[in-house]
Number of protein chains: 2
Amino acid sequence: MTADRLGFLLARHGQTMKLRLREALSVCGLGPRHGAILLRLAQAGSISQQALLEALTVDASTLVAILNDLERDALTERRRDPTDRRRHIVEITPEGRSAACAVEHAVADVEREAFADLDAEEIAQLHTLLARVHVRPTTEPGAGTECAPGCAPE
Amino acid sequence: MTADRLGFLLARHGQTMKLRLREALSVCGLGPRHGAILLRLAQAGSISQQALLEALTVDASTLVAILNDLERDALTERRRDPTDRRRHIVEITPEGRSAACAVEHAVADVEREAFADLDAEEIAQLHTLLARVHVRPTTEPGAGTECAPGCAPE
DNA sequence: TATTGTTATACTCTATAACTATA
DNA sequence: TATAGTTATAGAGTATAACAATA
């Protein structure tokens, strides 16, 4: 069942993984993005909002909504950057660390099941390879080959 | 920048790939799912609607909408299975084959750019590994480890 | 009664554009 | 003027549930 383009395969499995993560994290009342942010913060303690934007590949307005949720639940806090009062720095709270721990467990469960057929080395390989795919387009849109002649429908 | 859970990484890159595929295929007036179905049909000629459901991991109602689009553009046709008139068999039309060719090119462009940092062998590895992740949950929901005590917020 | 396909609908996610504040 | 963040809103995608036809 590998009779599928790698691009489609990646898109499809990514979608499935997102759905599973959502289900697993719904126990904690969080979405996948919320979880990813909490884990980052649990590692780093505090991150600038800009850095989160780059790391998570989300729209700025989306990030605001997520941070509002987290702050409403007292899991994170935003404070102004003293050196540039336009910028926000996001910090994790003690409650946030507890939640991050829960997220860690939930994600680990999902991963254990999803990657059950791979051994540790293969999982590491997959991780490394995935980390090396380009997330952002490097060339201008439209730079590639156009649709072949006579291909366009309608 | 591998400081990320594999699950989150897969979900995020899958999302990005889907967006890129959508952009590339919009030239042909098709969505990613439309493209994936066309490629399948270009290979097999005809597939039962049930088989498409399993292969694409989409909801039945979603598939209906996609097939309606394809049929409206005269790229595919549905006919009843003579042996069981409840079932539909989806067939590709000549126009559909042309469109599939366009899809092939567009997807190849996206893949070339996204996997530019991987050599042919690594791409094949990634493909093989991805094909071996479990798409569907094998255990009942809730069978895994629950959130650690004191972890749940609010 | 169970299965296949369909329709209608509600819900979520995401992106777009306009607005505020700081620089 | 340009940047960081926010808000409101519209659009697309997906899932849920009820329905029709066939087995």
Side-chain angles (χ1 to χ4, degrees), chain A residues 8 11-23 25-26 29-37 47-72 76-91 135-137 141, chain B residues 8 11-12 14-23 25-26 29-37 47-54 56-72 76-91 135-137 141:
Chain A
F8 284 130
R12 187 136 35 80
H13 280 188
Q15 168 77 5
T16 305
M17 179 57 73
K18 192 176 78 174
L19 291 179
R20 287 219 222 163
L21 287 173
R22 177 186 319 288
E23 189 189 355
L25 293 180
S26 69
L30 299 172
R33 302 288 171 79
H34 301 70
I37 291 181
I47 306 182
S48 81
Q49 201 159 324
Q50 285 294 318
L52 280 178
L53 270 183
E54 290 202 3
L56 293 181
T57 332
V58 290
D59 190 74
S61 62
T62 306
L63 179 60
V64 170
I66 297 173
L67 289 179
N68 286 344
D69 291 342
L70 291 174
E71 206 153 292
R72 172 178 45 75
T76 62
E77 282 175 1
R78 272 176 281 200
R79 60 177 177 81
R80 293 281 174 185
D81 183 340
T83 68
D84 183 344
R85 292 186 42 75
R86 292 173 304 183
R87 294 168 179 272
H88 272 166
I89 295 176
V90 185
E91 285 181 331
V135 174
R136 238 172 290 272
Chain B
F8 284 129
R12 189 137 33 81
Q15 168 77 7
T16 305
M17 178 58 74
K18 193 176 77 175
L19 290 179
R20 288 219 221 164
L21 288 173
R22 179 187 315 290
E23 188 189 355
L25 293 180
S26 69
L30 300 171
R33 302 289 173 78
H34 301 70
I37 290 180
I47 306 181
S48 81
Q49 201 159 323
Q50 284 295 318
L52 280 178
L53 270 183
E54 289 202 4
L56 294 181
T57 332
V58 290
D59 191 74
S61 61
T62 306
L63 179 61
V64 169
I66 296 173
L67 290 178
N68 287 344
D69 291 341
L70 291 174
E71 207 154 291
R72 172 178 45 73
T76 62
E77 282 174 0
R78 271 176 283 199
R79 60 178 176 80
R80 293 283 174 183
D81 183 339
T83 67
D84 183 344
R85 291 187 43 74
R86 291 174 303 183
R87 294 169 179 273
H88 272 165
I89 294 175
V90 185
E91 284 182 332
V135 174
R136 238 172 288 273

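Values below: all heavy atoms of this structure, side chains included; hydrogens, waters and symmetry mates excluded.
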Novice: Taking the side chain as every heavy atom from C-beta outward, state whether A:R80 and A:R87 have any pair of such atoms under 4.5 Å apart.
Specialist: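 SC-SC contact between A:R80 and A:R87 ruled out.
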Novice: What are the 5'-most and 3'-most nucleotides of DNA chain C lying under 4.0 Å from any heavy atom of chain B?
Specialist: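 The contact span of chain B on DNA chain C goes from C:dA2 to C:dA15.
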Novice: With a 4.0 Å cut-off on heavy atoms, is A:D59 in touch with a base, just the backbone sugar-phosphate, or nothing at all?
Specialist: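 The residue A:D59 makes base contact.
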Novice: Could you check A:A60 against A:R86 and say which one's nearest nucleotide on DNA chain C is further toward the 5' end?
Specialist: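 On the 5' side of the pair lies A:A60.
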Novice: With nearest nucleotide decided by heavy atoms, which residue, A:H88 or B:T57, maps closer to the 5′ end of DNA chain D?
Specialist: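 Closest to the 5' end, via its nearest nucleotide, is A:H88.
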Novice: Starting at CZ of A:R87 and ending at P of D:dT6, how long is that distance when rounded to a whole Å?
Specialist: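 Rounding to the nearest Å, CZ of A:R87 and P of D:dT6 are 13 Å apart.
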Novice: Less than 4.5 Å apart, any side-chain heavy atom of B:I37 and any of B:V90?
Specialist: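 Side chain of B:I37 against side chain of B:V90, heavy atoms only: no contact under 4.5 Å found.
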Novice: A:I66 or B:S48: which one's nearest nucleotide on DNA chain C is closer to the 5' end?
Specialist: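 Checking each residue's closest nucleotide, the 5'-ward one belongs to B:S48.
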Novice: Rounded to the nearest Å, what distance is computed from the CZ atom of residue A:R20 to the P atom of nucleotide D:dA15?
Specialist: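 Distance, rounded to whole Å: 14 Å.
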Novice: Send over the distance from B:R80 CZ to D:dA20 P, rounded to a whole Å.
Specialist: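 Nearest whole value for this atom pair: 15 Å.
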Novice: Do A:L63 and A:Q49 come close enough that some side-chain heavy atom pair is under 4.5 Å?
Specialist: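 Side-chain contact under 4.5 Å: yes.
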Novice: Within less than 4.0 Å of OP1 or OP2 of D:dG5, is there a side-chain N or O belonging to A:R85?
Specialist: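 No.
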Novice: What is the nucleic acid contact for A:L63, judged by heavy atoms within less than 4.0 Å: base, sugar-phosphate only, or nothing?
Specialist: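 Here A:L63 touches no strand at all.
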Novice: Establish, with yes or no, whether the OP1 or OP2 oxygen of D:dG5 is under 4.0 angstrom from a side-chain nitrogen or oxygen of A:Q50.
Specialist: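 Answer is yes, contact under 4.0 Å.
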Novice: D:dA12 C1' sits how many Å from B:L25 CG, rounded?
Specialist: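 One finds 16 Å between C1' of D:dA12 and CG of B:L25, rounded.
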Novice: Report the distance from atom CD of A:E71 to atom P of D:dG5, rounded to the nearest whole Å.
Specialist: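 Those two atoms, CD and P, are 13 Å apart.
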Novice: Whole-Å distance between D:dA12 P and B:L30 CG?
Specialist: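 Distance check: B:L30 CG to D:dA12 P gives 15 Å.
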Novice: Just do the side-chain hydrogen bond (donor to acceptor under 3.5 Å, both in side chains) check on A:H88 and A:D81 with the steps written out, would you?
Specialist: CA-CA 6 Å; A:H88 272 166; A:D81 183 340; over 6 Å; no
Novice: A:Q15 and B:R33: which non-hydrogen atoms are nearest, and at how many Å?
Specialist: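 Heavy-atom minimum between the residues: CG-NH2, 4.4 Å.
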Novice: Counting the atoms with a prime plus P, OP1 and OP2 as sugar-phosphate, which does B:N68 contact under 4.0 Å by heavy atoms, base, sugar-phosphate, or nothing?
Specialist: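 Here B:N68 touches the backbone only, sparing every base.
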Novice: What is the distance, rounded to the nearest whole Å, between atom CZ of A:R78 and atom C1' of D:dA4?
Specialist: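 Distance check: A:R78 CZ to D:dA4 C1' gives 12 Å.
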Novice: B:R22 CZ to D:dA12 P: how many Å, rounded?
Specialist: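 Those two atoms, CZ and P, are 10 Å apart.
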Novice: For residues B:L56 and A:R12, report the shortest heavy-atom separation together with the two atoms involved.
Specialist: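 Distance-wise, the nearest heavy atoms are O-CD, 2.9 Å.
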Novice: Just by distance, do the side chain of B:E91 and the backbone of B:T76 share a donor-acceptor pair under 3.5 Å?
Specialist: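 The answer is no, because no donor-acceptor pair under 3.5 Å joins these two groups.
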